[in-house]
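Dropping a structure here in structure tokens format, bear with me for questions.
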Amino acid sequence: MLKRAAPLAGIGAGIAIPIALLAALEVAVGMGAVNRALVPAPSAVWTELVAIISRGKLWAPLGDTLSLMFTAYICASVLAVIVGVIMGRSRAAYNLLEPLVEVIRPLPKPALLPPLILFLGIGNEMKLVIVGLAVFFPVLINTIQGVRGVDPVLVDMARTFGYGPGRIATRIVLPAALPFIFTGLRISLGLGLILVVVAEMLAGTGGIGYLIVDMQRSFRVTSMYAWLFILAALGFALNFAFEWLERRLLFWSRQQEKGG
Amino acid sequence: MQRGCELTLNSVTKVYSPGTEAEVRALGNITLNVEPGEFLSVVGPSGCGKSTFLQIAAGLIGASGGQVALDGHKVNGPPEGLVYLFQQYTRSLMPWRTVLGNVEFAIEGHRMSRAERRDRCMNFLAMVGLQDFASRYPWQLSGGMQQRVAIARALAAEPRILLLDEPFSSVDALTRSDLHELVLRLWEERGFTAMLVTHDVDEAILLSDRIAVLSHRPSQIVETIPTELPRPRDRIATPELPAFLELRHYLLDQLTKRPAHA
Amino acid sequence: MQRGCELTLNSVTKVYSPGTEAEVRALGNITLNVEPGEFLSVVGPSGCGKSTFLQIAAGLIGASGGQVALDGHKVNGPPEGLVYLFQQYTRSLMPWRTVLGNVEFAIEGHRMSRAERRDRCMNFLAMVGLQDFASRYPWQLSGGMQQRVAIARALAAEPRILLLDEPFSSVDALTRSDLHELVLRLWEERGFTAMLVTHDVDEAILLSDRIAVLSHRPSQIVETIPTELPRPRDRIATPELPAFLELRHYLLDQLTKRPAHA
Amino acid sequence: DELTTVRVSTIPIIDTAPLQVAITKGFFEEAGLKVDTTPTAGGAVGLPALASGAVQFTFSNSVSIALGASQGLGFKVVAAGSFTADAAPDIAGIVAKPDAGIKTGADLAGKTVAVNTRNNIIWLYAKAWVDATGGSSDDLTYLEVPFPQMLDAVKGDQVDAAFLVDPFLTAGISAGDVAISGWPYSEIQPSLPVGMYAATEQYIAENPETVAAFVEAYNKGVDWANENAGTDEWAEIIASYTRLTPDRLAGLKILPYYKVIDPEALQPTMDLMLKYDLLSSEFSASDLLHDTVLAK
Amino acid sequence: MTAQTMTEPAPPPAKPRRPLLQSRVSGVLLVLALLVLWDLSARFWVDSTSWPTVTAVLAALFSGSADLFAAFTSTISLMLKGFVLGALLGVAGGIAIGLSPFLRRAFTPLLEFLRPLPVPGIVPPLILLLGIDDAMKITVVAFSTFFPVLINAAQGVRMVDPVLIDMARTFRHSRLRSMWQLTLPAALPYVFSGLRISLALALIVTVVAEMIAGGTGIGYYLMTMQYAMQPDRMYAGVVLLAATGYALNWLLLLAERRLLHWYSPG
Ligand SMILES: Nc1ncnc2c1ncn2[C@@H]1O[C@H](COP(=O)(O)OP(=O)(O)OP(=O)(O)O)[C@@H](O)[C@H]1O
Ligand SMILES: Nc1ncnc2c1ncn2[C@@H]1O[C@H](COP(=O)(O)OP(=O)(O)OP(=O)(O)O)[C@@H](O)[C@H]1O
Ligand SMILES: [Mg+2]
Ligand SMILES: [Mg+2]
């Protein structure tokens, strides 16, 4: 039996571990063990962070990044779930699309940049596509896998109640594959954020990624790490919200986990 | 009241994984006609092909040979008006829906108000004794309770033909008897056709007009025995009839005299 | 031969989801002592808490109150020498292992050669009539066949105490009778303690030394009835004994006189 | 006896020809050095690698080196690299569509211009040129577009102008896709030192002989490259690391390489950095230059 | 039941194994159709020096094959090292945090903070620790491949049927055996999904790392060819990458077919 350690101990450790690592880094920088000009002391980053926030310089880049992130994330994941359900349920669709998917999937986004700039320009569309591509595939792969694992008895049950393929997809397949889909969505959340930054680095006019690359190029590492920290905190917060949502939507799979 | 459907199976055969080492010849050659409104039971040894047979009749899986027709129309997918109760009742319940939600699933396509649907389903839940568990989830229920949810759902759909695969295997004697009465009552009221797979000979005799006895794999229909007991049946009186006892004796003899495992 | 274990339950209670709207008081207050080598059956209405009771005895779930002890040692996890056969037999089989592999799982920790393990498991598979299906996968088997795989696996572990939750619910009369004989034979040879949940009164009487009758939720032990039938039991002769028939009558009366659904 | 190994971070462009020449012709080995090059396509990691000690010399542009030095990374320029032309036509220029009519900074008001990287020397001189030719550098948008995509961006009207370098510049002009609007480098400061080799103060202090030997061998490469520019052997060396095809090579303008950097020539760049907020305080070019790159 | 004769169990049944490629005719045709469209667009509609025809790309692929092959082998070996490292750590970590709520709570904050860090952002500090060579690139690749496998494996472990777990518990298998024989196979559909995501990611990140801190590999090749105005060669590299990704995924699917034949029967 797995020990059900008190949640508080786990949460405490969860807070303690990053703090301990940061403290160790602080000491290392203080002793001169690492090059301060490349890796600043966490305390200096914190000071910079406070300065950024108190001077109100946080909101505009954050807004830019979030709006790009959400638009791309939502569009791509909805599309991926739809395509994934179709590919998971229909052999013909799978056979048709699989080679294309598997050929595009491993291509690095920077390598796709030339045709993307050629056909989409350097504006928002291109950035959306870059982020969207990164979000799309993990959700797609997990959706297909989840759809394949749906208990055939459930599908047959729905068929005998006269449900057609469409309603079976939405009423049975989708909820039953949801644990898989959510995992894909969580993976994509992290990847999406990474690619937002990359997209802003490639063709930026604002946003956190644009600032990170600016700071990096001008060797203002303290500011750069402050913005990286903001990005990480953003990822953390989004994931937190995501887990909350997951608990609400997937309680039925978690309850089974408890056993009875 | 809609009439029950007529189900016709003509020289139906089924081979699983044909041509491989894992080949199993499940159904030998099955020909059977189930009359509209008839109650037919199927008995036979474990693994002989009863579920296979029922699933082919429901259009859930394809036969390897022969024809299946419902009211004269070829079956190649679950037909309208047919409801199937799965032997694996646990797996047929949706864990993300409440008990009531699972029952409502049966009639969500039908045109009626939400309240009406809900009332009707609560009604059926009450019939199987689960009115207090309407808002629980299937995994919070015991095995027998889950089975009753599946029964309520099947009945709530008001089928014209109902296929039941060992629907009462996990409930105690009294509950089972109550469920027999419930199914009989609805069958008499609505006149649907029923086909029941069971291992319980008493159950088969009590409920059916005819009993089909299947042989070992590849299964054939050894005989179909009309029960010829008066209707309406009664759970106390009917089993006491001499004809019942005689038939019971005969069937048990038939079923226990062959080697159990082919 | 190892002696069977002694199982003691003292004022055991179980409440699911306590303090929430979904609270269910499953076990009221259960006190029971199962002697070493005893064969005890548990009967009771659907959803009364039989599986809960068995799982607590096996240390699979914790009780809300009271103590469970095996041979005097407090149970707080599945103890050594105990084997449990799940009511949801389908879900207890590993789909990625063959039938033989599933049986072998029971004794993979034990010190013996591969060939020896394999032989022993094949032996048990043969006992339940599935020797020809050793290399199939569980999902290629019928419901009753899957149940028999689970039985073979439980027996192959050579437990000192065996807990069976409706182990014969999906097999036909003849197979069931064969399995009764098998369990009885092994029980007599090996002397393990057995606890069986069943809805089949005949089965309970044929196999057991004592029968515990559970009430509705929150369940209590209404009475424990010693069967007092001679051993060895025989599947033909024993059910014809007057004492058997009398007990059967009494039990059925007890079980069907209460309201089925609480 | 044993060769001393040094690692050099380079960029595979024609600007680093003398280094490649010195390697190929064995000048470094004669000086007792074994040179490992680590080419990086964008140059983004060259200076961090230098600061961390992963490489000993890095080829980079004056603006990036100055930025790093101003942030306390201790960069010093030890050898000269590339210079712009002393008069038009240069190796880099601002282009627009032939019919766009963009001839001065004033014509670019409210428009978009493509630069390869913001906050670098291209961006700096684009701004300076706009201000110098009657426009206002704050009046336009600078979009980051990689050099290879700039021609597409101009043709596709995604930008109005682009600050392009060779070989893209020559290719675009000769194809008639774009026309030159101005030559920021040569118009503002002819023979501007652009690329150069940096090392860290610490390394220079600890290995003065190695640094001296490196620069000396590199300077031999400079002489060779200047003397042999355009020959087949030269073309072969260039092609081997830039992957430019012979016809592209043939179309290139060949500029002379120098061995010294005049602090006076570098100072205007530092001043522009201050003007356009890349630096927060005055920065003297002579502080950036090590003895080895100064005229003796 | 009477005494049984022991029979040799039959060898494992032949799993229904559809040839992977045979059924893909329609999909291959779709890809070919898109290639034809590309070729036509480059010939007739799109006027750009950076958009070559497919025939030119194919010609470049074969004429420059020695170069490309060298770059290719270097990329693949880097990628595989990073992928294997990241995937192993991901599976192990995923099982650990899937099994133990304590570990999950303890490590989630750290992991979720690290996860959104972009590769270009972590390269400079990594250079400090690991230099600019393979060790750094492998670390970056492993870092990126780690998370999808970790998250999927952890979820897979949490979704294992509790009846199976309880079953194993009553047979009193050691934790290690249960993990190896039960938790891992049961979570395998999730793990494979994670591996497939990560495999593509590994290739992507390797190439990106080579673009940033190059010297060798396809990433560097792509960049150089772009700057040398040889788009046909650059796209030859892209085509090779696509083919490689497809082949690697295909290998993984083969392994999945062997190990997950029981998943999604029928
Ligand atoms: N999906 C399948 N693949 C291969 N063989 C199968 C499959 N389903 C069933 N079989 C085989 O077909 C035969 C008949 O199975 P079926 O489920 O119809 O039996 P049944 O009569 O319903 O048995 P039970 O009373 O045990 O439920 C069995 O031998 C079984 O092994
Ligand atoms: N995981 C759970 N969460 C909440 N309630 C549960 C859970 N498991 C069982 N229950 C409740 O506990 C009661 C007893 O369940 P249990 O499974 O022990 O019944 P049972 O006697 O085995 O019934 P059956 O004969 O139908 O298998 C039921 O009312 C059920 O709803
Ligand atoms: Mg069956
Ligand atoms: Mg139970």
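Residue numbering restarts at 1 for every chain, and letters A, B, ... go by the order of the sequence lines. Keep in mind that this is a model prediction, so the values were computed, not measured. Below, all heavy atoms of this structure are taken into account, side chains as well, without hydrogens, waters or symmetry copies.
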Per-residue tally against chain A (heavy atom, under 4.5 Å) across L114(E), N152(E), L30(E) peaks at N152(E)
Per-residue tally against chain E (heavy atom, under 4.5 Å) across G146(A), A233(A), P179(A), A13(A) peaks at P179(A)
Q: Could you tell me whether R220(A) sits above the aromatic face of Y225(A), with NZ or CZ closer than 6.0 angstrom to the six-membered ring centre and within 45 degrees of the axis?
A: no
Is it true that F72(E) and Y221(E) have ring centroids separated by less than 6.0 Å?
no
The interface call for L118(A) against chain E, heavy-atom contacts under 4.5 Å, is side chain
If one checks every heavy atom of I151(E) against chain A at 4.5 Å, the contacting part turns out to be both
Answer key: most heavy-atom pairs under 4.5 Å with chain E among P18(A), P115(A), A237(A) is P115(A)
The interface call for L34(E) against chain A, heavy-atom contacts under 4.5 Å, is side chain
- Determine, stepwise, if the pair R105(A) / E98(A) fulfils salt bridge (charged side-chain N to carboxylate O under 4.0 Å, His left out). CA-CA 10 Å; R105(A) 200 158 70 84; E98(A) 194 258 7; over 6 Å; no
Bottom line for I141(A): the part with an atom under 4.5 Å from chain E's heavy atoms is both
Applying a strict 4.5 Å limit to non-hydrogen atoms, the region of F182(A) in contact with chain E is neither
Does CZ belonging to R159(A) count more than 12 external heavy atoms closer than 6.0 Å?
-> yes
Bottom line for L110(E): the part with an atom under 4.5 Å from chain A's heavy atoms is both
Bottom line for L21(A): the part with an atom under 4.5 Å from chain E's heavy atoms is side chain
Applying a strict 4.5 Å limit to non-hydrogen atoms, the region of N249(E) in contact with chain A is side chain
Pair count under 4.5 Å, heavy atoms only, with chain A: among A200(E), G245(E), P116(E), highest is P116(E)
Of F229(A), F137(A), W227(A), the largest count of non-hydrogen pairs under 4.5 angstrom with chain E goes to F229(A)
Honestly, the part of L201(E) sitting under 4.5 Å from a heavy atom of chain A is side chain
From the list L195(A), V103(A), L193(A), the residue making the most non-hydrogen contacts under 4.5 Å with chain E is V103(A)
One option among G156(E), P118(E), S144(E) has the most heavy-atom pairs under 4.5 Å with chain A, and it is P118(E)
Does W38(E) offer a backbone N or O that forms a donor-acceptor pair with the side chain of S41(E) under 3.5 Å?
-> yes
When the 4.5 angstrom heavy-atom criterion is applied to L191(A) and chain E, the contacting part is side chain
Honestly, the part of L260(E) sitting under 4.5 Å from a heavy atom of chain A is side chain
